[in-house]
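First, the structure itself, so that you have it in front of you.
Remember, it's 1-based here, ligands and their atoms both numbered in the order they're listed.
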Amino acid sequence: MMAIRELKVCLLGDTGVGKSSIVCRFVQDHFDHNISPTIGASFMTKTVPCGNELHKFLIWDTAGQERFHSLAPMYYRGSAAAVIVYDITKQDSFHTLKKWVKELKEHGPENIVMAIAGNKCDLSDIREVPLKDAKEYAESIGAVVVETSAKNAINIEELFQGINWTSPALLTAGPHCASLVP
Ligand SMILES: Nc1nc2c(ncn2[C@@H]2O[C@H](COP(=O)(O)OP(=O)(O)OP(=O)(O)O)[C@@H](O)[C@H]2O)c(=O)[nH]1
C-alpha cells in the first residue's frame, strides 16, 4: 500500500506567459512553439513518487485572455495551491500577476498556497523583470518564486515540487489528501 496524496493546483496569469506550456512540459515533457491559447480552462493530472507516498497533481490550467477572467474563480476556489505565472520579458505580465495575487487574497480559499513562476527564462537577454523584483515581491506575500523555461525544461519539476505541500493549510485540506491505493 502506498499513500496517494491529491494536490489540487491551478495556474493563473496573463495570456501568453506560458501556463499551458509549463503544464505540458510537466505532464508530457513536451514543448510546442505553436500552442493555441487556452479556451476556458483545461485539466491534467500527473502522479509522481515523493518519499514513501505518491503525489497526484490535479492541475487546472486557466485561460489568461481577459474575456475568460470571470471563469477563474471556479478553478481557484477548489485549489489548495495556485501557481501564478508571469513572463520575465514582459513587465505588464508582472503587473497582471500582482492583480491575481490581490484577487486570490480577496476571493480565493483561505490560506491558499501561492507559488510564482517567472517563465521564459531562456529569453533572459530581453528580460524586463529583474529576478530581484520578483523575489522581493514574493517574499512580501509569503510565496515561493522560481524562474522557469517550459521551452528548455528549466525548473519545471522544481516549481511543482517546491510548492510548500506541507503547509498546515494543505494538510488540513481534508478528504482529498487521504485516499489510499494498493
Ligand atoms: N521562449 C519561450 N517561449 C515560451 C515558453 N513557454 C511558452 N512559450 C511560448 O509562449 C507562447 C504562449 O504560450 P502558452 O503556453 O499558450 O501561454 P498561456 O499562458 O497558456 O496562454 P493562455 O492560454 O492564453 O492563457 C507560445 O508561443 C509558447 O510557445 C518558454 O519557456 N520560452
(request) Decide whether the shortest distance between a heavy atom of Gly16 and an atom of ligand 1 is less than 4.0 Å. (result) yes
(message) For the 3.5 Å polar cut-off, considering only N or O atoms, please tell me whether Thr38 and ligand 1 meet it.
(response) yes
(request) Heavy-atom distances under 4.0 Å are what count here, so tell me which part of Asp32 touches ligand 1: side chain, backbone, both or neither. (result)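 Under 4.0 Å from ligand 1, Asp32 contributes backbone atoms alone.
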(request) From the options Asp122, Ile35, Leu11, Asp61, select the one whose nearest heavy atom is closest to atom 26 (C) of ligand 1. (result)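 Heavy atom nearest to atom 26 (C) of ligand 1 belongs to Ile35.
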(request) For ligand 1, indicate whether the residue Asn34 contacts it via side chain, backbone, both or neither (heavy-atom separation under 4.0 Å). (result) neither
(request) Using modelled atom types only, decide if a donor and an acceptor are shared between the side chain of Asn119 and the backbone of Ala150 within a distance under 3.5 Å. (result)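 Yes.
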(message) Would Gly64 count as a polar contact of ligand 1, with the cut-off being nitrogen or oxygen pairs under 3.5 Å?
(response) yes
(message) Pairs of nitrogen or oxygen atoms closer than 3.5 Å, one from His33 and one from ligand 1: do any exist?
(response)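 Yes; the residue has a nitrogen or oxygen that sits under 3.5 Å from a nitrogen or oxygen of the ligand.
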(request) Could you establish whether Asp14 and ligand 1 come within less than 4.0 Å of each other, counting only heavy atoms on the residue side? (result)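 Under 4.0 Å: yes for Asp14.
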(request) First locate atom OH of Tyr75, then atom OG of Ser42, and finally report the distance between them rounded to the nearest 0.5 Å. (result) 9.0 Å
(request) Would you please classify the geometry between the Trp60 ring and the Phe43 ring as parallel, tilted or perpendicular, with 30° and 60° separating the classes? (result)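 Tilted.
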(request) Please verify whether a non-hydrogen atom of Phe31 lies at under 4.0 Å from ligand 1. (result)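 The answer is yes, since Phe31 has a heavy atom less than 4.0 Å from ligand 1.
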(request) May I ask you to check if ligand 1 and Thr148 share an N or O to N or O distance below 3.5 Å? (result)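 No: no nitrogen or oxygen of Thr148 is under 3.5 Å from one in ligand 1.
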(request) Apply the side-chain contact (heavy atoms from CB on, under 4.5 Å) test between Tyr76 and each candidate in Leu12, Leu11, Val9; give the one that qualifies. (result)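 For Tyr76, the side-chain contact (heavy atoms from CB on, under 4.5 Å) test succeeds with only one of Leu12, Leu11, Val9, which is Leu12.
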(message) For Phe68 versus Ala63, what's the shortest heavy-atom pair and its separation?
(response)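 Shortest heavy-atom separation between Phe68 and Ala63 comes out as CD1-CB, 3.4 Å.
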(message) Less than 4.0 angstrom from a charged side-chain N to a carboxylate O is my criterion; do Glu136 and Lys132 meet it?
(response)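 Yes.
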(request) Considering non-hydrogen atoms only, spot the tightest contact between Asp87 and Gly16 and give its length. (result) OD2-O, 4.4 Å
(request) May I ask you to check whether Ala150 has an N/O atom sitting below 3.5 Å from an N/O atom of ligand 1? (result)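 Checking ligand 1 against Ala150, an N or O pair does fall under 3.5 Å apart.
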(request) Output the list of atoms in ligand 1 that are nearer than 4.0 Å to some heavy atom of Pro37, sorted by atom number. (result)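 Per the distance check, 23 (O), 24 (O).
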